[in-house]
Amino acid sequence: MTTHQIVLIPGDGIGPEVAAATTRVLKAAGAPLEWIEHHAGVAALQSAGEVLPEQTLDAIRERHIALKGPCTTPVGTGFTSVNVQLRKRLDLYAAVRPVRNLPGIPTRFQNVDLVVIRENTEGLYSGIENVVTKGVVTSLKVATEHASRRIARWAFHYARERGRKKITVMHKANIMKLTDGMFIRCAREIREQDGFTDIDYDEVIIDAGCMRLVQDPTQFDILLLENLYGDVLSDLCAGFVGGLGVIPGANIGDEYSVFEAVHGSAPDIAGKGIANPLALLMSAVMMLNHIADTRHDESCRDSAARIRQAYNQALSDGQKTRDLGGNLGTEQFASALIDRLGG
Ligand code: NAD
């Protein structure tokens with residue numbers, strides 16, 4: 001049996017807690033993985049003097065895949081976001097975040113089954129900010145045709161492979177005519193030029209789109225968004241299905257992939273043993289399916305299916321962490337899943 005070497009970045013705050021629970025479940029499910037642990041974030045600043053050590057990047061370049069816990073980024077001042085750096089340095093241009101109802105988690109809407117696809121490398125995350133004069137600052141929103149076309153192409157391919165029916169681009173091209181204007185033009189062109197006209201497509205101005213989303217999220221299928229809108233709408237959509245504890249994510253490029261939950265390091269609950277490890281575990285399930293697809297290792301797909309069945313069963317049985325209205329701690333929840341892994 002092949003064992004896949006995966007870089008594990010535990011991260012900051014609740015990161016090490018949810019990473020430990022996740023790797024325990026993966027091991028119990030027989031996932032053929034070997035962890036190569038490296039650090040990023042505040043943890044790396046303390047041990048290596050920088051938030052994103054070259055060693056961590058090199059390790060991902062060598063193994064191609066990483067599972068990453070959240071990393072803290074100081075607000076207002078201090079170092080550049082590790083996450084933004086990582087996505088840029090490894091050219092992880094597509095963030096994909098599935099948002100689905102889970103059994104045993106009552107929410108306002110049923111049958112939510114959305115995928116948020118976010119352009120991950122440019123927009124306002126270019127981090128180009130200037131002081132023009134005292135009291136006047138600017139932040140530059142960068143859009144390139146190259147990045148706009150490749151994320152659109154990635155989204156249409158994803159839709160086709162997964163049998164999805166429709167892509168909706170949310171934008172503000174009525175105001176940002178050049179940047180968002182180019183984003184929607186590229187999506188439209190890729191659909192026509194690359195032969196994706198069988199997939200329905202529409203464009204919605206994002207403010208009205210947010211209202212439509214909160215009125216009825218089931219009317220949407222795939223949301224294709226530039227960087228900042230994708231960040232904001234991922235968390236908004238998390239609220240439809242139980243919160244940040246249940247939204248997994250993948251950052252995918254042509255060569256490397258980093259799987260991580262949408263949530264952050266949750267400093268308010270770090271060290272208390274109560275964080276929900278499910279979002280990171282679900283990200284690991286996405287990772288196993290990705291390995292199965294790209295390396296043709298069906299044992300990874302089997303482990304993924306067993307873990308998915310186990311968490312669906314645990315949630316149906318009312319075995320939940322506090323963010324979902326239960327009373328289990330991080331490790332107790334992991335044990336409840338392990339008890340439900342079929343043979
Ligand atoms: P957050 O996602 O860390 O927390 C928001 C709220 O959700 C908090 O109340 C938190 O307790 C709760 N929460 C989040 N994950 C949870 C889980 N697994 N189980 C239970 N409750 C959970 O967002 P924030 O507070 O805005 O950010 C904290 C730090 O995380 C910041 O430094 C931010 O930059 C960083 N961050 C990192 C990433 C990443 O590494 N990918 C993503 C988002 C935020």
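We're numbering straight along the sequence, starting at 1. Indexing begins at 1, ligand by ligand and atom by atom, following the structure's order. Note: hydrogens, waters and symmetry copies are ignored here, and every other heavy atom, side chains too, is used.
By the 4.0 Å N-to-carboxylate-O rule, Arg188 lies too far from Glu192 to be salt-bridged with it. Using a cutoff of 4.0 Å between basic side-chain nitrogens and carboxylate oxygens, Arg100 and Asp113 are scored as salt-bridged. The residues Arg87 and Glu122 are annotated as not salt-bridged, no charged nitrogen and carboxylate oxygen being separated by less than 4.0 angstrom. Arg89 has a carboxylate O that lies under 4.0 Å from a charged side-chain N of Glu54, or vice versa, which qualifies the two as a salt bridge. By the 4.0 Å N-to-carboxylate-O rule, Asp221 lies too far from Lys165 to be salt-bridged with it. Ion pairing between Glu226 and Lys141 holds under the 4.0 Å rule for side-chain N and carboxylate O.
At the shortest separation from atom 5 (C) of ligand 1 among protein heavy atoms lies Leu244 CD1, 4.0 Å. Among all non-hydrogen protein atoms, the one lying nearest atom 25 (O) of ligand 1 is Pro267 CD, 4.3 Å. Ranking the protein heavy atoms by distance from atom 16 (C) of ligand 1 puts Ile14 CD1, 4.0 Å first. What sits closest to atom 41 (N) of ligand 1 on the protein, heavy atoms only, is Glu260 OE1, 3.1 Å. Scanning the protein for heavy atoms near atom 14 (C) of ligand 1, the closest one is His263 CB, 3.6 Å. Counting only heavy atoms of the protein, atom 19 (N) of ligand 1 lies nearest to Asn276 N, 2.9 Å. If you check which protein heavy atom lies closest to atom 22 (C) of ligand 1, you get Ile269 CD1, 4.0 Å. Among all protein heavy atoms, the one lying closest to atom 8 (C) of ligand 1 is Asp268 OD2, 3.4 Å.
A cation-pi arrangement is present between Arg118 and Tyr125 under the rule of less than 6.0 angstrom and at most 45 degrees off the ring axis.
Atoms of ligand 1 lying under 4.0 Å from at least one heavy atom of Thr72, given by number and element, are 32 (O). Residue-ligand proximity, Val262 to ligand 1, at heavy-atom distances under 4.0 Å covers atoms 42 (C), 43 (C).
By the definition of a contact as any protein heavy atom under 4.0 Å away, atom 27 (O) of ligand 1 is not in contact.
Of the candidates Gly264, Pro277, Ser265, it is Gly264 that places a heavy atom closest to atom 43 (C) of ligand 1. For the residues Ile9, Asn83, Val42, the heavy atom positioned nearest atom 39 (C) of ligand 1 is part of Asn83. Distances from atom 35 (C) of ligand 1 to the heavy atoms of Gly243, Cys71, Pro70, Gly15 put Cys71 nearest. Considering Gly11, Gly41, Ala266, Ala275 only, the shortest heavy-atom separation from atom 3 (O) of ligand 1 involves Ala266. Here atom 31 (C) of ligand 1 lies nearest to Thr73 when heavy atoms of Asp323, Val258, Thr73 are compared.
Of the heavy atoms in Arg322, none comes closer than 4.0 Å to ligand 1.
Dense packing is recorded around CD of Gln5, with more than 12 heavy atoms of other residues, nucleotides or ligands lying under 6.0 Å away. For CZ of Arg308, the number of neighbouring non-hydrogen atoms (other residues, nucleotides, ligands) closer than 6.0 Å is 12 at most.
The aromatic rings of Phe240 and Phe109 sit perpendicular to each other, their planes meeting at more than 60°, with 30° as the lower class boundary.
Of the possible donor and acceptor atoms, none in the side chain of Arg301 sits under 3.5 Å from a partner among the backbone N and O of Asp297.
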